[in-house]
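One structure below.
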Amino acid sequence: SQHLPTLRRSIGYAVQGIGLFPHMTVEQNISLLAKLERWSTDRIQARVAKLMELVELPHAYLPRYPFQLSGGEQQRVGICRALMLDPPILLLDEPFGSLDAITKCEIYREFLRIEQVKSRTIVLVTHDLREALKLAQYLVILDAGKIIADGRCQDVIAHPSHPKVRQLCAAQL
């Protein structure tokens, strides 16, 4: 349908393995969707600058290519790209899976800080229950495509009603 591109651009998407275009600079990666939306150059530059500041990346990185950045820095660029159009929904599909523990903690802090700047819906897909509990307010646990538990994090963990949820809690917490 003709409305799919509009719907798609209302969702910021960050994936495992970062998903940056290797042939594009940091600035080109971040600003791609805004250019497709035909934003003015001034508006794009202002938004890119604000996002780089938000994730604490120096503006000197803008002409660099992804291979010139660390994994954590690349992940931050991916976050900037996901936030470029200021979407009301963020979909994070295993975005932290390939990061080391220290970088994960830094990125977790970034997301919590971003959430405080502007409230939005964030859907986090992860196999790591501890990660979900650090970042989520509401938890949905799936098994073979079916919901086996859902609710406020503390409620799901405190009263696991499904055997697989109890097993997951015992294994990961």
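Basis for what follows: all heavy atoms, side chains included, without hydrogens, waters or symmetry-related copies. All values reported here derive from a predicted model rather than from experimental measurement.
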Any side-chain heavy atom of [X] within less than 4.5 Å of one from [Y]?
X: L139; Y: L133; value: yes
X: L83; Y: R47; value: yes
X: L129; Y: I157; value: yes
X: Q172; Y: L168; value: yes
X: M84; Y: L32; value: no
X: L69; Y: R76; value: no

Out of curiosity, does [Y] fall in the hydrophobic cluster containing [X] (side-chain heavy atoms, cut-off under 4.5 Å, transitive links)?
X: L36; Y: W39; result: yes
X: V140; Y: V125; result: no
X: Y138; Y: I122; result: no

If we ignore hydrogens and angles and just use 3.5 Å, is the side chain of [X] paired with the main-chain N or O of [Y] as donor and acceptor?
X: R120; Y: P87; result: yes
X: R81; Y: S31; result: no
X: E131; Y: E94; result: no
X: S40; Y: R43; result: yes
X: N29; Y: M24; result: yes

Look up atom [atom1] in [X] and atom [atom2] in [Y], then write down how far apart they are to the nearest 0.5 Å.
X: Q45; Y: K50; atom1: CD; atom2: NZ; answer: 16.0 Å
X: D155; Y: D150; atom1: CG; atom2: CG; answer: 10.5 Å
X: R166; Y: H159; atom1: CZ; atom2: NE2; answer: 13.0 Å
X: Y13; Y: L90; atom1: OH; atom2: CG; answer: 12.5 Å

Closest approach of [X] and [Y], non-hydrogen atoms and distance?
X: C80; Y: L51; value: O-CD1, 3.4 Å
X: S10; Y: P88; value: O-CD, 3.2 Å
X: K35; Y: I44; value: CG-CD1, 3.7 Å
X: A132; Y: L124; value: CA-CD2, 4.3 Å
X: V156; Y: G151; value: CG2-N, 3.5 Å
X: Q28; Y: T25; value: OE1-N, 2.8 Å

Report, as yes or no, whether the 6.0 Å neighbourhood of atom CD on Q68 holds more than 12 heavy atoms from other residues, nucleotides or ligands.
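It does: Q68 CD has more than 12 such atoms within range.
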
Go through the structure and list residues passing salt bridge (Lys or Arg N to Asp or Glu O under 4.0 Å) with D143, not counting sequence neighbours.
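Salt bridge (Lys or Arg N to Asp or Glu O under 4.0 Å) check on D143 returns K164.
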
Determine, step by step, whether I141 and H162 satisfy the side chain to side chain contact (heavy atoms under 4.5 Å, CB included) criterion, reporting the C-alpha distance in whole Å, the side-chain angles of both residues, the deciding distance to 0.1 Å, and the verdict.
CA-CA 10 Å; I141 299 177; H162 193 281; over 6 Å; no

Review item, side-chain donor-acceptor pairs of residues 55-67, under 3.5 Å, at least two apart:
{"unit_1": "Y61", "atom_1": "OH", "unit_2": "E73", "atom_2": "OE2", "d": "2.8"}

